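In what follows, every chain begins at residue 1, and chains take the letters A, B, ... in the order their sequences are listed. Nothing here was measured: the structure is a model prediction, and the numbers come from that model.
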There are 2 protein chains.
Amino acid sequence: MAGTILIVEDEPAIAELIDLTLKRNGHQTICAGSVEEAIRLIDHALPDLALIDWMLPGASGIELIKRLRSNKRTQSMPIIMLTAKADEADKLAGLDTGADDYVTKPFSPKELVARIKAVLRRRAPQLTDDIVETNGLRVDPTQHRVSLNGETVHMGPSEFRLLHFFMTHPERVHTRTQLLDQVWGDHVFVEDRTVDVHIRRLRQTLERSGHDDYIQTIRGAGYRFSKP
Amino acid sequence: MAGTILIVEDEPAIAELIDLTLKRNGHQTICAGSVEEAIRLIDHALPDLALIDWMLPGASGIELIKRLRSNKRTQSMPIIMLTAKADEADKLAGLDTGADDYVTKPFSPKELVARIKAVLRRRAPQLTDDIVETNGLRVDPTQHRVSLNGETVHMGPSEFRLLHFFMTHPERVHTRTQLLDQVWGDHVFVEDRTVDVHIRRLRQTLERSGHDDYIQTIRGAGYRFSKP
DNA sequence: TTATATTATGACTATTTTGTTACAGAAGCA
DNA sequence: TGCTTCTGTAACAAAATAGTCATAATATAA
């Protein structure tokens with residue numbers, strides 16, 4: 001399980017506990033002690049998920065979530081709320097505001113990790129380490145390895161990410177711009193047409209086993225990964 | 001859910017809030033600070049929906065709506081009023097004038113989005129991503145795929161949009177000009193007769209499953225999608 | 001039924017979109 | 001550093017699609 005996680009928590013002890021837990025589970029972490037710091041960090045680099053404490057000095061966690069949700073760049077960032085209150089009303093308010101899940105303090109590291117995993121699986125399946133397989137075409141994110149009917153093939157990092165994204169989001173059209181955002185990442189400025197070239201390279205690699213026609217051109221719209 | 005939305009609001013803070021909210025929901029936006037600017041923008045490119053503030057400097061929002069409703073090109077544009085007053089009388093006046101719905105300030109982004117969605121679903125269903133199916137003929141905008149009794153068929157982008165429009169607006173006659181406006185887009189300069197050709201191509205594609213006679217010629221008027 | 005208006009159809013060309021290749025610079029690696 | 005691999009871009013080729021026209025077919029009204 002990869003992914004950079006932003007921890008927004010003002011109590012250092014708790015922040016550190018979470019930090020250690022996540023690092024042990026293979027995540028990168030960034031820590032912020034306040035909403036302002038969080039915003040600054042996010043502005044600098046978009047994390048793959050944010051863990052936000054409900055009670056924060058100054059603007060509350062809810063405020064932060066609202067703010068993130070109203071900005072295009074951060075609108076789809078997976079968010080988990082941390083709350084000391086087991087109160088149903090608060091929980092609902094949090095989910096209503098746009099959090100993907102919440103964790104009630106005190107929580108076990110195990111629970112936290114499980115919830116993060118669940119949210120990532122739902123919101124950003126390409127960030128999980130799950131092996132994806134479709135009809136002999138197999139992608140193993142952990143080993144960074146692709147195999148066609150058992151035979152390992154090599155491809156460049158971009159092609160790998162592209163294929164992985166396709167396989168974790170099959171059966172729907174992705175415009176070139178969407179692909180750039182999702183696969184190349186936030187903040188990158190490359191030509192739309194570059195996607196075509198990587199599609200070409202990916203197809204070329206998949207040709208050997210005939211999987212190349214899983215990657216379909218939808219004229220005027222983009223590309224789709226789907227059974228031929 | 002796609003669609004371009006025009007925001008007519010003189011207070012920059014509110015305008016920006018709305019702008020962000022809509023963008024995060026996948027809409028394109030155009031902003032106008034006054035009625036005059038709004039008219040200019042609309043003249044340039046017809047939005048799919050207009051959000052109009054009740055209180056505007058100079059001519060009021062109501063004036064703008066009246067004006068839009070009395071112009072053939074803009075008369076069917078979905079309109080949502082923004083009003084600070086929860087006053088029933090004003091609300092009724094707004095609806096009476098021709099707004100499709102109204103939102104009272106202060107409003108939550110969630111509410112705004114929900115109302116926009118509702119209005120679009122009612123007034124411009126082809127802008128939603130809902131799957132449409134009629135008797136084995138199925139159009140899935142997300143997948144960008146058409147199937148006849150389960151079997152995927154191919155068609156060009158124009159035919160796809162045409163079919164999608166027909167299926168989201170069945171049982172009524174559309175003139176060639178209306179089809180050009182709705183399917184090809186506002187401001188395009190093509191012959192009316194071009195529609196015939198695309199109708200022909202679409203019918204040809206649907207022939208295989210006999211769905212072609214869902215597309216009916218109404219002599220002297222236009223075309224209609226309806227059960228044979 | 002005939003004349004007329006309207007639509008259907010097929011063919012053709014222009015335009016748009018995508019595929020493919022080559023290449024130069026960047027980045028990683030030993 | 002020198003080598004290899006990878007990337008993005010540009011240029012050209014190929015393919016798909018769009019729009020128009022000419023002509024045939026069809027419906028409608030007189």
Restricting to side-chain contact (heavy atoms from CB on, under 4.5 Å), what partner residues turn up for [X], sequence neighbours left out?
X: A/A124; result: A/L120, A/Q126, A/L127
X: B/R172; result: B/H174
X: A/V119; result: A/L49, A/P78, A/I80, A/D100, A/D101, A/R122, A/R123
X: A/D130; result: A/R121, A/T128

Mind listing the closest non-hydrogen atom pair of A/P109 and A/T21 along with its distance?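 Smallest interatomic distance, heavy atoms only, reads CB-CG2, 3.5 Å.
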Short N/O separations, protein against nucleotides 1-4 of chain C, under 3.5 angstrom:
none

Please give, in whole Å, the distance from [N] [atom2] to [X] [atom1]?
X: A/L202; N: D/dT7; atom1: CG; atom2: P; result: 12 Å
X: B/H144; N: C/dT17; atom1: NE2; atom2: C1'; result: 14 Å
X: A/I218; N: D/dT17; atom1: CD1; atom2: C1'; result: 15 Å
X: B/L162; N: D/dT17; atom1: CG; atom2: C1'; result: 14 Å
X: B/D212; N: C/dA8; atom1: CG; atom2: P; result: 12 Å
X: A/R200; N: D/dA13; atom1: CZ; atom2: P; result: 16 Å
X: B/F160; N: D/dA16; atom1: CZ; atom2: P; result: 19 Å
X: A/I199; N: C/dT17; atom1: CD1; atom2: C1'; result: 14 Å

Could you list the residues that satisfy side-chain hydrogen bond (donor to acceptor under 3.5 Å, both in side chains) with A/T177, not counting sequence neighbours?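 Partners of A/T177 under the side-chain hydrogen bond (donor to acceptor under 3.5 Å, both in side chains) test: A/D192.
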Counterpart residues, side-chain hydrogen bond (donor to acceptor under 3.5 Å, both in side chains), relative to A/T152 (two or more places apart):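 Expected list: none.
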Just to verify, what does A/H144 make a ring pair (Phe, Tyr, Trp, His ring centres under 6.0 Å) with, not counting sequence neighbours?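 Checked A/H144 against ring pair (Phe, Tyr, Trp, His ring centres under 6.0 Å); matches are A/F160.
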Would you mind telling me which residue lines up with the more 5' stretch of DNA chain C, A/G222 or B/G220, judged by nearest nucleotide?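 Upstream on the strand: B/G220.
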Considering heavy-atom distances to DNA chain C, does A/D196 or A/Q204 have its closest nucleotide positioned more toward the 5' end?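 The residue closer to the strand's 5' end, by nearest nucleotide, is A/D196.
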Between B/Y223 and C/dA8, is there a contact of a side-chain N or O with OP1 or OP2 at under 4.0 Å?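 It does, given that an N or O in the side chain of B/Y223 lies less than 4.0 Å from OP1 or OP2 of C/dA8.
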Base contacts versus sugar-phosphate-only contacts with protein, heavy atoms under 4.0 Å: please encode nucleotides 18-30 of chain D as B, S and - from 5' to 3'. BBBB----BBS--
Any idea how B/F166 and B/F225 line up, ring-wise: parallel (<30°), tilted (30 to 60°), or perpendicular (>60°)?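 Ring orientation of B/F166 relative to B/F225: parallel.
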